[in-house]
Q: 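Sending over a structure as structure tokens; questions will come in a sec.
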Amino acid sequence: MINLKRSKERCKIFRKKILEISQTVPALHIGGSFSSVEILDVIYNELLKKKDKFILSKGHAGILQYVILNYKRIITDKNLNRYSKKNGILGVHPDYGIPGIEASTGSLGHGLAIAAGMAFANKQKNIFVVLSDGELQEGSIWEATLLISSLNLKNITIIVDSNGYQSSTRTKDTHPTLYPIGKKFKYFGWEVSECNGHKTADIFKKLKNRSKKKPFALIANTKKGFPVSFMMKDAKWHYRSPNKKELIKAIKEINKK
């Protein structure tokens, strides 16, 4: 069973560390990183075994992955503190070759196809992939989705961070027929479930209770910028970093959560 108290505390640590780093760079995709925190916490701290692989296909949340890898002592404090600096090794998006990074992502739509190759090469490994709802507009995602179910690569699990935004616009406004997302994967031959993407117990339960008879897609309903009130439903937090006043307010709201 998941330890909810520890998970909650970890998620606070991850968000506050991202805010700390935000004061040294002008932009680092806070909104989409915050919406994914509970998802990545469950994957890294509750599910991922030594032989398993994880791909953050929504590479814009790379800072979150770096922070978690640092928490797990895979990325050093020195390199994390040099994030996005001239002499640092960490860029905005994950790059293969950095400790703990399995694929270069950020150019959206590639992670699932890479995962398909990994899953096909070794069916004893579990491959976890986090996608965004905006990323589902890439045709390569649906090519990989069809191939994975056709090959019955049931060792693949994807979690869609469905926060309703892509960059500066709402997904439902620009691509309304993308919804309902779950039915799309179901019609492509996947087992599908849905959860509250900010409740770690719900995420964990749905991932643990999958039948393992098909590849599995979990649609995690989230809020971009969660749980900071002035970041949620405001597309500008895809780009900018908070000023000092905003930083103090954001930390207070995270501590209260």
Side-chain angles (χ1 to χ4, degrees), residues 32 35-36 38-40 42-43 47-48 52-61 94 102-167 169-199 202-222 224:
S35 65
S36 304
E38 284 78 12
I39 297 169
L40 265 68
V42 171
I43 291 171
L47 296 174
L48 205 62
D52 299 337
K53 301 291 184 181
F54 169 65
I55 295 175
L56 181 66
S57 192
K58 56 165 289 183
H60 292 67
E102 300 290 346
S104 298
T105 58
S107 179
L108 298 177
H110 297 173
L112 191 55
I114 295 170
M118 289 179 172
F120 185 76
N122 190 336
K123 296 182 181 179
Q124 303 309 309
K125 288 183 179 179
N126 293 309
I127 314 297
F128 296 90
V129 186
V130 169
L131 307 165
S132 64
D133 47 357
E135 185 178 13
L136 298 184
Q137 296 164 29
E138 298 284 355
S140 54
I141 291 292
W142 299 105
E143 291 175 22
T145 298
L146 176 61
L147 177 65
I148 289 165
S149 59
S150 295
L151 295 175
N152 195 26
L153 299 177
K154 52 193 177 185
N155 53 331
I156 287 186
T157 296
I158 67 170
I159 303 95
V160 178
D161 176 11
S162 184
N163 63 36
Y165 282 85
Q166 79 256 316
S167 187
T169 54
R170 285 177 53 85
T171 316
K172 282 187 177 179
D173 292 338
T174 60
H175 294 75
T177 56
L178 175 63
Y179 301 90
I181 294 171
K183 284 188 176 181
K184 306 294 190 298
F185 283 96
K186 185 176 180 180
Y187 293 151
F188 270 78
W190 288 55
E191 180 185 354
V192 178
S193 191
E194 193 168 338
C195 72
N196 182 326
H198 296 305
K199 291 189 177 296
D202 195 15
I203 299 167
F204 180 76
K205 181 181 177 181
K206 297 295 172 59
L207 292 173
K208 289 293 286 185
N209 290 343
R210 56 166 295 197
S211 71
K212 298 184 180 179
K213 294 178 180 178
K214 296 179 178 180
F216 182 68
L218 179 62
I219 314 305
N221 297 308
T222 64
K224 199 163 186 173

Q: Does any part of the side chain of R210, heavy atoms only, come nearer than 4.5 Å to the side chain of K154, both counted from C-beta?
A: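 Yes, at least one pair of side-chain atoms sits under 4.5 Å.
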
Q: Assess whether atom NZ of K205 is packed by more than 12 heavy atoms of other residues, nucleotides or ligands within 6.0 Å.
A: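 Atom NZ in K205 is not packed in, count stays at 12 or less.
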
Q: Distance from H110 atom NE2 to E135 atom CD, nearest 0.5 Å?
A: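 With rounding to 0.5 Å, NE2 (H110) is 9.0 Å from CD (E135).
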
Q: Report yes if the side chains of I203 and C195 come closer than 4.5 Å at any heavy-atom pair, otherwise no.
A: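 Touching, per the 4.5 Å side-chain cut-off.
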
Q: Determine, step by step, whether W142 and L136 satisfy the side-chain contact (heavy atoms from CB on, under 4.5 Å) criterion, reporting the C-alpha distance in whole Å, the side-chain angles of both residues, the deciding distance to 0.1 Å, and the verdict.
A: CA-CA 8 Å; W142 299 105; L136 298 184; 4.2 Å; yes

Q: Find the distance between NZ (K214) and CZ (F185) and round it off to the nearest 0.5 Å.
A: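 Reported to 0.5 Å precision, the distance equals 14.0 Å.
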
Q: For F216 and V192, work out which heavy atoms get closest and say how close.
A: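 Minimum heavy-atom contact is CE1-C, 4.2 Å.
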
Q: What is the distance from atom CZ of F188 to atom CG of L147, rounded to the nearest 0.5 Å?
A: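 Separation between the atoms: 11.5 Å.
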
Q: Hey, what do you get for NZ (K206) to CD1 (I159), rounding to the nearest 0.5 Å?
A: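 Going from NZ on K206 over to CD1 on I159, the span is 13.0 Å.
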
Q: Can you confirm whether F120 is buried at CZ, in the sense that more than 12 heavy atoms of other residues, nucleotides or ligands lie under 6.0 Å from that atom?
A: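 At most 12 heavy atoms, drawn from other residues, nucleotides or ligands, come within 6.0 Å of this atom.
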
Q: Could you pull out the closest heavy-atom pair between S35 and N163, with the gap in Å?
A: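 Smallest heavy-atom distance, with atoms named: OG-ND2, 3.1 Å.
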
Q: What closest approach, in Å, do I156 and A119 show between heavy atoms, and which atom pair accounts for it?
A: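 Shortest heavy-atom contact: CG1-CB, 3.4 Å.
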
Q: Can you tell if the side chain of K123 reaches within under 4.5 Å of the side chain of L153, non-hydrogen atoms only?
A: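 When only atoms from C-beta onward are counted, L153 and K123 do touch, with a gap below 4.5 Å.
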
Q: Measure the shortest side-chain to side-chain distance between T157 and L218 over non-hydrogen atoms and say whether it is less than 4.5 angstrom.
A: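 Sidechains of L218 and T157: no contact.
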
Q: Which pair of non-hydrogen atoms, one from T105 and one from G59, has the smallest distance, and what is that distance?
A: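 Smallest heavy-atom distance, with atoms named: OG1-CA, 3.4 Å.
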
Q: Under the criterion side chain to side chain contact (heavy atoms under 4.5 Å, CB included), which of L112, L108, L146, I158 is the partner of I141?
A: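 The option that passes is L112.
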
Q: Testing the basics here: between E102 and M118, what is the closest heavy-atom pair and its distance to 0.1 Å?
A: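 Heavy-atom minimum between the residues: O-CE, 3.8 Å.
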
Q: Yes or no on side-chain contact (heavy atoms from CB on, under 4.5 Å) for H198 and T222, after CA distance, side-chain angles and deciding distance?
A: CA-CA 6 Å; H198 296 305; T222 64; 3.4 Å; yes

Q: Using only atom types and a distance under 3.5 Å, with no angle test, would you say the side chain of S162 pairs donor to acceptor with the backbone of I219?
A: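 No, S162 side chain to I219 backbone: no donor-acceptor pair under 3.5 Å.
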
Q: So, taking the atom named CD in Q137 and the one named CG in L178, what distance separates them when rounded to the nearest 0.5 Å?
A: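 Reported value, rounded in 0.5 Å steps: 6.5 Å.
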
Q: Can you see which heavy atom on G197 is nearest to which on I39, and at what distance?
A: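 Heavy-atom minimum between the residues: O-CG1, 4.0 Å.
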
Q: Sub-3.5 Å donor-acceptor pair from the side chain of K58 to the main-chain atoms of S36, do we have one?
A: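 No, the answer is negative, given that no donor and acceptor are paired below the 3.5 Å cut-off.
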
Q: What residue among N126, I127, L40, L47 forms side chain to side chain contact (heavy atoms under 4.5 Å, CB included) with F54?
A: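 Exactly one candidate clears the test, L40.
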
Q: Tell me whether Y179 at atom OH has more than 12 heavy atoms from other residues, nucleotides or ligands lying less than 6.0 Å away.
A: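 Correct, the count exceeds 12.
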
Q: To the closest 0.5 Å, what do you measure between NZ (K53) and CG (N155)?
A: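 Reported to 0.5 Å precision, the distance equals 13.0 Å.
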
